[in-house]
Number of protein chains: 2
Amino acid sequence: MRRDIFQAIADPTRRGIITLIALQAMTPNAIAAHFDTTRQAVSKHLRILTECELVIQKQQGREIYYQLRLNKMKEIDKWLQQFRDMWEDRFNQLDDVLSTLKNKKK
Amino acid sequence: MRRDIFQAIADPTRRGIITLIALQAMTPNAIAAHFDTTRQAVSKHLRILTECELVIQKQQGREIYYQLRLNKMKEIDKWLQQFRDMWEDRFNQLDDVLSTLKNKKK
DNA sequence: TATATGTGCAACTTTTTGGTTTCGCAAATT
DNA sequence: AATTTGCGAAACCAAAAAGTTGCACATATA
């Protein structure tokens, strides 16, 4: 089973979960209430997110709070860095302008 | 068919292609030479990348050069922005330190 | 003109993924 | 003690994705 952050954030529901629990830890039931799926489906997403260490669990009685590991999110940022360097120079900005003009012609 | 950047970068080969053509446009054959797959498989990846506008084609005789659209890459950066704001404050950095200590105990 | 090369595309197969259902377990509540 | 609640996990299913093979169609080259 392939388990990396990029595969994890490919699913829109998982991105939703990530955004949701970024602010505060939540239980599976509470998370499921925000989406149009069952608790079990959310549970499966949380498992995937846990396996690639994007999320940590905090047991509290019979409830389990899931919290985002921001540190892991940085890895996406890290990968993006190589491109961020590029899109900041003038040459590529000019290229974008040309593409836009081309599209408008159609 | 779901076609968004997040699904596009989920595949490791596609991430490889993106990095490869970021510096200079390349033909499918040239790209395929860098990976352990067939030209057709690469062609399929390029189609997906084109469909979600991460890549543009430039025909030159019978060869087709594929080039990265850096502008589209910014969308990932844009999504990441909401988290970047968070991981820069002290509270979360403290949280990371605590997690690290916890892991070392095991 | 005949042949080689670079390519996209469609059909097919295999693998992966996301969801549902059902179950068991432990913690709360009655 | 009996019941409810919150949860993970396994088994199963449908849909999607990734790869393979074979083809057609241009553009080069002989």
Side-chain angles (χ1 to χ4, degrees), chain A residues 1-21 24-69 76 106, chain B residues 1-21 24-69 72 76 79 106:
Chain A
M1 227 182 293
R2 181 160 53 89
R3 281 286 171 265
D4 59 82
I5 357 168
F6 294 100
Q7 188 262 342
I9 63 165
D11 185 84
T13 306
R14 281 200 289 270
R15 285 201 301 280
I17 293 175
I18 288 173
T19 303
L20 192 60
I21 64 173
Q24 62 167 15
M26 292 177 75
T27 64
N29 266 325
I31 294 168
H34 283 78
F35 302 96
D36 189 28
T37 52
T38 59
R39 199 240 338 144
Q40 281 86 344
V42 168
S43 197
K44 254 185 142 181
H45 285 306
L46 287 170
R47 192 188 172 185
I48 291 168
L49 292 173
T50 305
E51 278 174 5
C52 64
E53 298 179 293
L54 266 171
V55 147
I56 48 166
Q57 307 173 18
K58 300 199 171 181
Q59 188 109 22
Q60 199 159 336
R62 68 179 161 184
E63 292 182 327
I64 300 177
Y65 284 86
Y66 286 85
Q67 186 175 33
L68 186 64
R69 286 207 63 219
I76 306 165
K106 286 181 200 168
Chain B
M1 229 182 293
R2 182 159 52 89
R3 281 286 171 264
D4 59 80
I5 357 167
F6 294 100
Q7 190 263 342
I9 63 165
D11 186 87
T13 306
R14 280 200 290 270
R15 284 201 302 282
I17 293 174
I18 289 173
T19 303
L20 192 61
I21 64 172
Q24 63 166 13
M26 292 178 74
T27 63
N29 267 326
I31 295 169
H34 283 78
F35 302 96
D36 188 28
T37 53
T38 59
R39 202 245 331 147
Q40 280 87 343
V42 169
S43 198
K44 250 186 146 181
H45 285 307
L46 286 170
R47 193 188 171 185
I48 290 167
L49 292 172
T50 305
E51 278 173 5
C52 63
E53 296 179 296
L54 266 170
V55 147
I56 48 167
Q57 307 173 21
K58 299 199 171 180
Q59 189 109 20
Q60 198 158 337
R62 69 180 159 182
E63 293 181 327
I64 300 177
Y65 285 86
Y66 286 85
Q67 185 175 34
L68 186 63
R69 287 208 62 221
K72 197 70 180 180
I76 307 165
W79 180 72
K106 286 181 200 167

From [options], nucleotide with atom closest to [X] side chain:
{"X": "Q40(A)", "options": "dT22(C), dC7(D), dT7(C)", "answer": "dT22(C)"}
{"X": "Q7(A)", "options": "dT7(C), dC7(D), dT17(C)", "answer": "dT17(C)"}
{"X": "R39(B)", "options": "dA9(D), dT7(C), dG19(D)", "answer": "dT7(C)"}

Expressed as a whole number of angstroms, how long is the span from [X]:[atom1] to [N]:[atom2]?
{"X": "E63(A)", "N": "dG8(D)", "atom1": "CD", "atom2": "C1'", "result": "15 Å"}
{"X": "R47(B)", "N": "dG19(D)", "atom1": "CZ", "atom2": "C1'", "result": "15 Å"}
{"X": "I64(B)", "N": "dA28(D)", "atom1": "CD1", "atom2": "P", "result": "12 Å"}
{"X": "I31(A)", "N": "dG8(D)", "atom1": "CD1", "atom2": "C1'", "result": "14 Å"}
{"X": "I48(B)", "N": "dA17(D)", "atom1": "CD1", "atom2": "P", "result": "8 Å"}
{"X": "D11(A)", "N": "dA16(D)", "atom1": "CG", "atom2": "C1'", "result": "12 Å"}
{"X": "F35(A)", "N": "dG18(C)", "atom1": "CZ", "atom2": "P", "result": "14 Å"}
{"X": "R62(B)", "N": "dT7(C)", "atom1": "CZ", "atom2": "C1'", "result": "10 Å"}

Quick check: do [X] and [Y] have side-chain heavy atoms less than 4.5 Å from each other?
{"X": "I17(B)", "Y": "V42(B)", "result": "yes"}
{"X": "R69(A)", "Y": "V55(A)", "result": "no"}
{"X": "K44(B)", "Y": "Q40(B)", "result": "no"}
{"X": "T50(B)", "Y": "I56(B)", "result": "no"}

Is [X] near enough to [N] that one of its side-chain N or O atoms lies under 4.0 angstrom from OP1 or OP2?
{"X": "T27(A)", "N": "dC7(D)", "result": "yes"}
{"X": "N29(B)", "N": "dT5(C)", "result": "no"}
{"X": "S43(A)", "N": "dG8(D)", "result": "yes"}
{"X": "H45(A)", "N": "dG19(C)", "result": "yes"}

With no angle test and no hydrogens, is the base of dG8(D) tied to the side chain of K44(A) by a donor-acceptor pair under 3.5 Å?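 Flag unset: no donor-acceptor pair detected.
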State whether the distance check finds a donor on one side and an acceptor on the other, under 3.5 Å, for side chain R14(A) versus base dG18(C).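 Not at all, since no donor on one side and acceptor on the other fall under 3.5 Å apart.
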Return the 5'-most residue of the pair L46(B), Q59(A) with respect to DNA chain C, ranking by each residue's nearest nucleotide.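 Of the two residues, L46(B) wins.
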At 4.0 Å (heavy atoms only), tell me whether T37(B) reaches a base, stays on the sugar-phosphate, or touches nothing.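 Answer is nothing: T37(B) stays at 4.0 Å or more from every strand.
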Residue pair Q67(A) / Y65(A), side-chain donor-acceptor N/O under 3.5 Å: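 No, no side-chain donor-acceptor contact under 3.5 Å.
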